[in-house]
Amino acid sequence: MKPSIPKGTRDFSSSEIAKRRFIFETIQEVFECYGFEPIETPSFENSSTLMGKYGEEGDRLIFKILNSGNYLQKVTDEALEKKDLNQISPKISEKALRYDLTVPFARYVVQHQNELVFPFKRYQIQPVWRADRPQKGRFREFYQCDADVVGSDSLWQEVEFVSLYDAVFSKLRLDDVVIRINNRKILTGIAELIGAEDKLIDFTVALDKLDKIGREGVLNEMRSKGLSEEALTELEPVFDLTGTNLEQLQAMESMLQDSEIGMKGVEELRFVVEKLEELKLDSARLELDITLARGLNYYTGAIFEVQTDKMKLGSIGGGGRYDDLTGIFGLKGMSGVGISFGLDRIYMVLEELDLFSEDVVKKPKALFVNFGEKEALYALKAIQALRRDGVRAELYPSSAKMKKQMNYADKREIHFVVLAGEEEMNTGKFGVKNMRTGDQQNCNQEELMRLLGSKD
RNA sequence: GUGGUUGUAGCUCAGUUGGUUAGAGCGCUAGAUUGUGGUUCUAGAGGUCGCCGGUUCGAGACCGGUCUUCCACCCCA
């Protein structure tokens, strides 16, 4: 049997782990700096918790877990005969793998509402699974790093999240990141204005594709979804928006005069944009984009999407406000807003741009050559002392040929090889070879500690 | 879910209109070098050609199916 792993999953080498950890730690540090506290939820939930929360498309992409035991027991012969999946699926599968972190979080908030202090700020860094077809930057198992606040409808939270995005990407030295921002209320307002409220989802999904399929493409898609020519004509000004964020908002304001919800959206966006102009971003750019829609249908206010033009890849982060996410689990009137970082895509970008510094990968500092039982014991005494000082040191496990041991050190890129044979033992010395320069010197244990204990 | 693409040694890949025993580079193991890695030289090991079926006297090559890789769409981080 040829060993393999499932489609869309990956093994990680130690150097990849080191780099991934660096990203995790950076994000985690910033999350905590902004006052978020960690939680974790199970990797699988009851199907009923997840199903129906991500739209029809989402349901298809949820990994369902087959019941244990005789999972066909509850299925009627009739349903089986007809191969009626909608009937069979819920009977044979009652659990499903986590599809994102937001819905489990909503469940968590409702379930633990009495123990939480609101506004509740949590972050969560865990893998999620999607039964998607893998392609560039798209995996079936990947990590999301989420931070959300529930129990506050303050727009300052939106301001904080944009600032948080900026802080993380600045720390990762990934500059020229674009944070696109929009507000669902504006989209609703536009739909209202052109008389397409009932087709809000189709409308926003089509509009979102503007940069991909162009103006005509968008109009065609809207036509095919049943929007009237009249509506499309009224939409024209949206495509012609230009100028700064505030100028565009100005234009939207005059356009949405007759839509109460639209005006609310403009007002909200203006608040966020204005405050961030005062506060200044470090390296990211905040860009108002009226065409930004994002598929998830629970967003009701601000929506964010983070992209980098340094690499052709989907978004590396996204988020938004949802006024009633916990409502479906029975807790009404709880507004939440949150953002997510796509770790795996950020990794790809940093790798592509060669932004990982070399020292994220921790190599052992010293390998002691094994010359035999007595010498090995002598070496291990020094190794123990080094380890107490936090120096990564080890002994070659067997007294193999010198060439083999040296070769081993070389391949693992170990900085120093320490040689202590009979002669060194008798004089209490150690031969230390620097594998990068090839220099070799004799020293006593004290000097050895100083040499290997130093930075690099 | 739709369309395309890929699969030959551990890795990267050659392999002619179908024709004997399927190759190269790198890597690996050993030796040259019994206390010194990288460089060099020599020798060696390593392949049911993704899998199943079909066409043929004969298939790594052609046909069908299936799995896999990567890419695009849908959708998304």
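Quick note: numbers below take in every heavy atom, side chains included, and nothing from hydrogens, waters or symmetry partners. Each chain gets a letter, A, B and so on, in the order the sequences are listed, and its residues count up from 1. Treat the numbers as computed from the prediction; the structure is a model and nothing was measured.
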[X] near the nucleic acid: base, sugar-phosphate alone, or nothing, with a heavy-atom cut-off under 4.0 Å?
{"X": "Gly421(A)", "value": "base"}
{"X": "Ile316(A)", "value": "sugar-phosphate"}
{"X": "Glu424(A)", "value": "base"}
{"X": "Lys433(A)", "value": "base"}
{"X": "Gly58(A)", "value": "nothing"}
{"X": "Gln440(A)", "value": "base"}

Atom-to-atom span, [atom1] of [X] to [atom2] of [N] - whole angstrom:
{"X": "Phe169(A)", "N": "A77(B)", "atom1": "CZ", "atom2": "C1'", "answer": "10 Å"}
{"X": "Ile414(A)", "N": "U36(B)", "atom1": "CD1", "atom2": "C1'", "answer": "15 Å"}
{"X": "Phe416(A)", "N": "G37(B)", "atom1": "CZ", "atom2": "C1'", "answer": "15 Å"}
{"X": "Tyr99(A)", "N": "C75(B)", "atom1": "OH", "atom2": "P", "answer": "12 Å"}
{"X": "Glu141(A)", "N": "A77(B)", "atom1": "CD", "atom2": "C1'", "answer": "14 Å"}
{"X": "Asp132(A)", "N": "A72(B)", "atom1": "CG", "atom2": "C1'", "answer": "13 Å"}
{"X": "Asp11(A)", "N": "U69(B)", "atom1": "CG", "atom2": "C1'", "answer": "15 Å"}
{"X": "Ile346(A)", "N": "C76(B)", "atom1": "CD1", "atom2": "C1'", "answer": "15 Å"}

Run the salt-bridge test on [X] and [Y] with the 4.0 Å N-O cut-off and return the result as yes or no.
{"X": "Asp132(A)", "Y": "Arg140(A)", "value": "no"}
{"X": "Arg180(A)", "Y": "Glu305(A)", "value": "yes"}
{"X": "Asp176(A)", "Y": "Arg285(A)", "value": "no"}
{"X": "Glu352(A)", "Y": "Lys310(A)", "value": "no"}

* So, Ser13(A) versus Glu16(A): side-chain donor-acceptor pair below 3.5 Å or not? -> yes
* To do: For the pair Asp344(A) (side chain) and Tyr143(A) (backbone), establish whether a donor and an acceptor sit closer than 3.5 Å, ignoring hydrogens and angles.
  => yes
* **Any donor-acceptor pair under 3.5 Å from Tyr99(A) side chain to Lys53(A) backbone** => no
If I pick the [atom1] atom on [M] and the same atom on [N], what distance separates them, to the nearest angstrom?
{"N": "G23(B)", "M": "G44(B)", "atom1": "P", "result": "14 Å"}
{"N": "G53(B)", "M": "C67(B)", "atom1": "C1'", "result": "14 Å"}
{"N": "G47(B)", "M": "G54(B)", "atom1": "P", "result": "27 Å"}
{"N": "C52(B)", "M": "U48(B)", "atom1": "C1'", "result": "13 Å"}
{"N": "C28(B)", "M": "C11(B)", "atom1": "C1'", "result": "11 Å"}
{"N": "G50(B)", "M": "U16(B)", "atom1": "P", "result": "14 Å"}
{"N": "U21(B)", "M": "G58(B)", "atom1": "P", "result": "14 Å"}
{"N": "G10(B)", "M": "U29(B)", "atom1": "P", "result": "15 Å"}

* **First of Gly431(A) and Phe139(A) reached from the 5' end of RNA chain B, by closest nucleotide** => Gly431(A)
* **Whichever of Arg140(A) and Arg60(A) has its nearest RNA chain B nucleotide further upstream toward 5'** => Arg60(A)
Given [options], which nucleotide is nearest the side-chain atoms of [X]?
{"X": "Phe371(A)", "options": "G37(B), A77(B), G35(B)", "value": "G35(B)"}
{"X": "Lys312(A)", "options": "A72(B), C75(B), G35(B)", "value": "A72(B)"}
{"X": "Lys7(A)", "options": "U68(B), U36(B), A72(B)", "value": "U68(B)"}
{"X": "Arg133(A)", "options": "A72(B), C74(B), G38(B)", "value": "A72(B)"}
{"X": "Met402(A)", "options": "G35(B), C74(B), C76(B)", "value": "G35(B)"}
{"X": "Glu423(A)", "options": "A72(B), G35(B), G37(B)", "value": "G35(B)"}

* Just wondering, do Phe142(A) and A77(B) stack (centres under 5.5 Å, planes under 30°)? -> yes
Only pairs with both distances under 3.5 Å count, Watson-Crick or wobble alike; so what is the partner of [N] in this structure?
{"N": "C41(B)", "answer": "G31(B)"}
{"N": "G18(B)", "answer": "none"}
{"N": "G64(B)", "answer": "C52(B)"}

* To do: Please evaluate the base of C70(B) for a donor-acceptor partner in the side chain of Arg138(A) within a cut-off of under 3.5 Å?
  => no
* **All side-chain contact (heavy atoms from CB on, under 4.5 Å) counterparts of Lys381(A), not counting sequence neighbours** => Leu377(A)
Short heteroatom pairs, N/O only, protein and nucleotides 26-32 of chain B, under 3.5 Å:
from	atom 1	to	atom 2	distance (Å)
C28(B)	OP1	Lys411(A)	NZ	2.7
G31(B)	OP1	Lys401(A)	NZ	2.4
G31(B)	OP2	Lys401(A)	NZ	3.4

* **Member of Phe36(A), Phe31(A), Phe24(A) meeting the ring-ring contact (aromatic ring centres under 6.0 Å, His included) criterion with Tyr123(A)** => Phe31(A)
* Once the angle between the rings of Tyr408(A) and Tyr396(A) is folded into 0 to 90°, is it parallel (under 30°), tilted (30 to 60°) or perpendicular (over 60°)? -> perpendicular
* **Gln135(A) side-chain N/O to A72(B) phosphate OP1/OP2 under 4.0 Å** => yes
* Check whether any side-chain N or O of Lys212(A) sits under 4.0 Å from OP1 or OP2 of A72(B), and answer yes or no. => no
